[in-house]
> 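Let me give you the structure first, and then I'll get to my questions.
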Amino acid sequence: MRTYKIAIVGATGMVGQTFRQVLEDRKFPIKEIVFFASEKSDGKTIDFMGKTYLVKALNSHSFDEGFDIALFSAGGEISLIYAPIAASKGVKVIDNSSAWRMKPNIKLVVPEVNKSVLTKDDFIIANPNCSTIQSVVPLKVIHELFEVKRVIYSSYQAVSGSGYKGVMDLERGKNGEPNTFYPKPIYENVIPHIDSFLASGYTKEEQKMVDETKKILNLPNIKVSATCVRVPVLVGHSVSMYVETNKPIDLSLLNNTYEKNPDIVLHKDDIYPTPLDVAGKDSVHVGRIRLDQDEPNGLHLWVVADNVRKGAATNAIQIAEHLIKEDLV
C-alpha cells in the first residue's frame with residue numbers, strides 16, 4: 001500500500017494535536033510527517049506514534065522538500081499566505097480556517113455530503129465550520145428524502161471551539177477569576193455571541209452556518225438562519241434544527257434511513273445525545289426527532305458531535321482519505 005508524506009501546520013494548537021490522534025486512530029498511511037508551527041514553537045518536541053519529532057517554524061520554504069498532503073489549522077491569516085505556497089509545490093492543502101471557504105473556486109467539503117465534487121485539480125480544499133459540518137450530515141438525508149426548503153439553527157457551542165483561549169476562560173471562571181477572552185463570563189453562563197457582529201445583527205459564526213450550508217448542499221435558494229450560543233461545555237457542539245420541506249415528512253422512513261447510515265448514530269424515543277456522549281468520537285449523533293405541531297412539513301431534531309474531532313480534525317482527515325482512495329493525490 002502506498003504511503004504519504006504529511007505536513008501538519010499549526011501542530012501545537014488544539015486541532016493540530018487532535019490531527020495527530022485521529023491520524024493514529026484511523027491508521028492513516030504515513031510515510032513521513034513534519035510538524036510546523038509559529039516561531040515561538042520552533043524546537044519544541046511532539047510525540048507521535050512512538051517517535052519524538054521537533055516542531056519546525058513555518059516559512060516560505062517549508063514545502064520545498066515535497067509533501068503529498070498538508071493539514072492546516074493555524075488561522076486564516078497564515079492560511080492565506082502559506083496555503084497557496086504549498087499548493088504551488090503540488091501539495092494538497094486541507095485548510096481548517098474560514099479563509100478559503102466561500103471563495104468560488106475553492107471546494108467546501110464534508111465527505112459524507114459532497115466528496116464527489118473533488119478533483120485532481122483541487123489543491124486547496126476548505127474544511128467547513130464545526131457547527132456546519134455536523135448539521136449538514138443529517139440535513140443532506142432530509143433533503144434527499146423530502147426536499148429541504150428552510151432551516152433554522154440554534155447552536156450550543158463548546159468553549160473548545162474557541163481554542164485554548166476559550167478553554168482557559170472557562171477554567172478562570174471555575175476558579176473565581178475574571179474572564180479575559182469572552183465578552184462576558186462563560187462559567188455558569190451562556191453567551192449568544194460567537195465571533196464579531198455584522199451590520200445585519202447576525203454574528204460571523206451565524207453567517208458562516210448560513211452561507212456554508214447553502215454551498216455544501218449546493219442549494220443556493222434554500223432559506224437558512226442561525227443563532228449561535230457559547231455554552232460552558234468543554235467539548236461537543238449541540239445544534240437544535242428546525243427544518244421545513246417541500247414534500248410530506250415520513251418519520252419512519254427518516255429514522256430507518258438514519259439507522260442505516262454508518263456516519264450517523266440515531267438516538268430514538270426518549271434517548272438523546274449530549275456532549276459527554278460524543279466526546280472523542282467521529283460520528284454525528286442525532287436525537288429528539290419530531291414533527292412540528294403547526295407546520296405539516298416541519299421537523300425538529302437535535303444534533304451533537306465532538307467539535308474538535310468531527311468538527312475539525314476528523315473531517316479534514318476524511319477528506320484526505322477520500323483523495324487517496326480516489327487517486328486524487
Side-chain angles (χ1 to χ4, degrees), residues 1-9 15-16 18-34 49 63 65-73 79 82-97 99-130 132-141 143-144 212-219 257 260-264 281-284 305 309-329:
M1 183 176 70
R2 183 183 168 188
T3 53
Y4 299 84
K5 186 172 181 178
I6 306 298
I8 295 183
V9 178
V15 175
T18 308
F19 277 144
R20 306 199 303 267
Q21 185 62 54
V22 176
L23 287 168
E24 186 170 354
D25 290 347
R26 297 176 73 90
K27 297 179 173 57
F28 197 88
I30 297 171
K31 175 174 62 179
E32 186 179 345
I33 190 165
V34 180
M49 296 187 69
F63 302 98
E65 60 185 273
F67 291 91
D68 297 301
I69 297 168
L71 303 173
F72 272 62
S73 187
S79 292
Y82 292 100
I85 294 173
S88 72
K89 309 286 184 181
V91 184
K92 296 284 185 173
V93 175
I94 304 170
D95 180 54
N96 202 59
S97 79
W100 299 95
R101 292 175 187 162
M102 296 312 299
K103 294 190 182 300
N105 60 326
I106 299 296
K107 308 290 176 55
L108 182 65
V109 177
V110 177
E112 300 93 326
V113 177
N114 66 333
K115 62 187 177 185
S116 62
V117 301
L118 292 170
T119 71
K120 276 200 170 184
D121 296 328
D122 294 311
F123 284 91
I124 298 176
I125 302 163
N127 211 41
N129 179 278
C130 45
T132 306
I133 288 172
Q134 70 185 66
S135 300
V136 295
V137 172
L139 191 59
K140 181 196 179 188
V141 176
H143 180 67
E144 290 178 338
E212 292 176 21
T213 295
K214 294 180 179 184
K215 182 172 180 178
I216 295 165
L217 294 174
N218 193 27
L219 296 172
T257 306
K260 294 174 183 177
N261 191 313
D263 304 304
I264 291 173
K281 298 176 182 177
D282 292 334
S283 50
V284 174
R309 284 189 67 111
K310 178 53 186 167
T314 300
N315 196 79
I317 290 166
Q318 287 175 313
I319 293 172
E321 290 170 340
H322 174 73
L323 295 176
I324 289 170
K325 180 181 177 182
E326 299 299 320
D327 194 27
L328 302 178
V329 180

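Heads up: numbering here begins at 1 and tracks the sequence. Heavy atoms only: backbone and side chains are in, while hydrogens, waters and symmetry mates are out.
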> Which heavy atom of Phe67 sits nearest a heavy atom of Val91, and at what distance?
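Closest approach of Phe67 to Val91: O-CG2, 3.5 Å.
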> For Val113 and Ile216, work out which heavy atoms get closest and say how close.
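Between these two residues, the closest heavy atoms are CG1-CG2, 3.7 Å.
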> Can you name the side-chain hydrogen bond (donor to acceptor under 3.5 Å, both in side chains) partners of Lys5, sequence neighbours left out?
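Testing Lys5 for side-chain hydrogen bond (donor to acceptor under 3.5 Å, both in side chains), a comparison that skips the adjacent residues, returns Glu65.
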> Going by the rule salt bridge (charged side-chain N to carboxylate O under 4.0 Å, His left out), which residues pair with Asp263 if we only count those two or more places apart in sequence or in a different chain?
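Expected list: none.
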> If the condition is side chain to side chain contact (heavy atoms under 4.5 Å, CB included), which residues does Phe123 pass it with, not counting sequence neighbours?
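Counting only residues at least two positions away or on another chain, Phe123 forms a side chain to side chain contact (heavy atoms under 4.5 Å, CB included) with Ala87, Lys92.
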> Under the side chain to side chain contact (heavy atoms under 4.5 Å, CB included) rule, collect the residues that match up with Ala312, sequence neighbours excluded.
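Listed in chain order: Val15, Asn96.
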> Rounded to the nearest 0.5 Å, how far does CE of Met49 lie from NZ of Lys27?
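Going from NZ on Lys27 over to CE on Met49, the span is 8.5 Å.
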> Measuring from atom CD1 of Ile125 to atom CG of Asp122, what distance do you get when rounded to the nearest 0.5 angstrom?
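The CG atom of Asp122 is 5.5 Å from CD1 of Ile125, to the nearest 0.5 Å.
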> Flag the pair Val136 / Asn114 as yes when at least one side-chain heavy-atom distance between them is below 4.5 Å, and no otherwise.
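With C-beta onward as the side chain, the pair stays apart.
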> Look at the side chain of Lys310 and the backbone N and O of Val284, then say whether any donor-acceptor pair between them is shorter than 3.5 Å.
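Not confirmed, Lys310 side chain does not pair with Val284 backbone.
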> Grab the two heavy atoms, one from Asn315 and one from Pro128, that are nearest each other, plus how far apart they are.
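Where Asn315 meets Pro128 most closely, the heavy atoms are ND2-CD, 3.8 Å.
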> Ignoring hydrogens, what is the shortest heavy-atom contact between Phe28 and Ile324? Give both atom names and the distance.
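So the minimum-distance heavy-atom pair works out to CZ-CD1, 3.4 Å.
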> Check this for me, if you would: do Lys325 and Glu321 make a salt bridge, where the nitrogen-to-carboxylate-oxygen distance has to be below 4.0 angstrom?
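Looking at Lys325 and Glu321, the cut-off is not met.
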> Are Thr3 and Ile30 close enough that some pair of their side-chain heavy atoms sits under 4.5 Å apart?
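No, every pair of side-chain atoms sits at 4.5 Å or beyond.
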> Within the 3.5 Å criterion, strictly below it, is a donor on Lys115 or Gln318 matched to an acceptor on the partner's side chain?
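No, no side-chain donor-acceptor contact under 3.5 Å.
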> Glu326: which residues meet the salt bridge (charged side-chain N to carboxylate O under 4.0 Å, His left out) condition with it, sequence neighbours left out?
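Salt bridge (charged side-chain N to carboxylate O under 4.0 Å, His left out) check on Glu326 returns nothing, list empty.
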> Sequence neighbours excluded, which residues qualify as side-chain hydrogen bond (donor to acceptor under 3.5 Å, both in side chains) partners of Thr257?
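Counting only residues at least two positions away or on another chain, Thr257 forms no side-chain hydrogen bond (donor to acceptor under 3.5 Å, both in side chains).
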> Would you indicate whether the side-chain heavy atoms of Leu139 and Thr213 approach each other to under 4.5 Å?
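Yes, side chains in contact.
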> Could you go through Ile94 and Phe72, starting from their C-alpha distance and side-chain angles, then the distance that decides it, and tell me whether this counts as side-chain contact (heavy atoms from CB on, under 4.5 Å)?
CA-CA 6 Å; Ile94 304 170; Phe72 272 62; over 6 Å; no
> For a quick test of reading the model, state the closest non-hydrogen atom pair linking Val117 to Lys107 and the distance between them.
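Heavy-atom minimum between the residues: O-NZ, 2.7 Å.
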> Over all heavy atoms of both residues, which pair between Arg101 and Ala126 is shortest? Give the atoms and the distance, please.
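Residues Arg101 and Ala126, closest heavy atoms: CA-CB, 3.7 Å.
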> Going by the rule salt bridge (charged side-chain N to carboxylate O under 4.0 Å, His left out), which residues pair with Lys120 if we only count those two or more places apart in sequence or in a different chain?
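With sequence neighbours excluded, Lys120 shows a salt bridge (charged side-chain N to carboxylate O under 4.0 Å, His left out) to no residue whatsoever.
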> Testing Val110, Thr132, Ile133 for side-chain contact (heavy atoms from CB on, under 4.5 Å) with Glu212, which one passes?
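Checked Val110, Thr132, Ile133 against Glu212; only one passes side-chain contact (heavy atoms from CB on, under 4.5 Å): Thr132.
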> Do Tyr82 and Val9 have side chains that approach each other closer than 4.5 Å (heavy atoms only, starting at C-beta)?
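Counting from C-beta outward, Tyr82 and Val9 never come under 4.5 Å.
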> Is the side chain of Asn127 donor-acceptor paired with the backbone N or O of Leu71 at a distance under 3.5 Å, no angle test?
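Pair absent, no side-chain N/O of Asn127 close to backbone of Leu71.
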> Between CG of Asp282 and OG1 of Thr314, what distance do you get to the nearest 0.5 Å?
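Rounded to the nearest 0.5 Å, the CG-OG1 separation comes to 3.5 Å.
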> Can you tell which of Ile69, Val22, Ile6, Thr18 makes a side-chain contact (heavy atoms from CB on, under 4.5 Å) with Ile317?
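That would be Val22; it is the only one of Ile69, Val22, Ile6, Thr18 passing the side-chain contact (heavy atoms from CB on, under 4.5 Å) with Ile317.
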> Run the side-chain hydrogen bond (donor to acceptor under 3.5 Å, both in side chains) test against Lys215 and tell me which residues pass, sequence neighbours left out.
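Result, side-chain hydrogen bond (donor to acceptor under 3.5 Å, both in side chains) vs Lys215: none returned.
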> Once side chain to side chain contact (heavy atoms under 4.5 Å, CB included) is applied, do any residues pair with Gln21, and if so which ones, sequence neighbours excluded?
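For Gln21 the side chain to side chain contact (heavy atoms under 4.5 Å, CB included) partners, ignoring immediate neighbours, are Asp25, Arg309.
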> Once side-chain hydrogen bond (donor to acceptor under 3.5 Å, both in side chains) is applied, do any residues pair with Asp95, and if so which ones, sequence neighbours excluded?
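side-chain hydrogen bond (donor to acceptor under 3.5 Å, both in side chains) check on Asp95 returns Ser79, Ser97.
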> In chain order, what residues pass the salt bridge (charged side-chain N to carboxylate O under 4.0 Å, His left out) check against Lys281, with sequence neighbours excluded?
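If we apply the salt bridge (charged side-chain N to carboxylate O under 4.0 Å, His left out) test to Lys281, skipping adjacent residues, there are no hits.
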> With salt bridge (charged side-chain N to carboxylate O under 4.0 Å, His left out) as the criterion, how do Glu112 and Lys140 come out once you've worked through the C-alpha distance, each side chain's angles and the decisive distance to 0.1 Å?
CA-CA 9 Å; Glu112 300 93 326; Lys140 181 196 179 188; over 6 Å; no
> With Leu219, which residues qualify under side chain to side chain contact (heavy atoms under 4.5 Å, CB included), at least two apart?
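For Leu219, the residues satisfying side chain to side chain contact (heavy atoms under 4.5 Å, CB included) (neighbours in sequence not counted) are His143, Leu217, Ile222.
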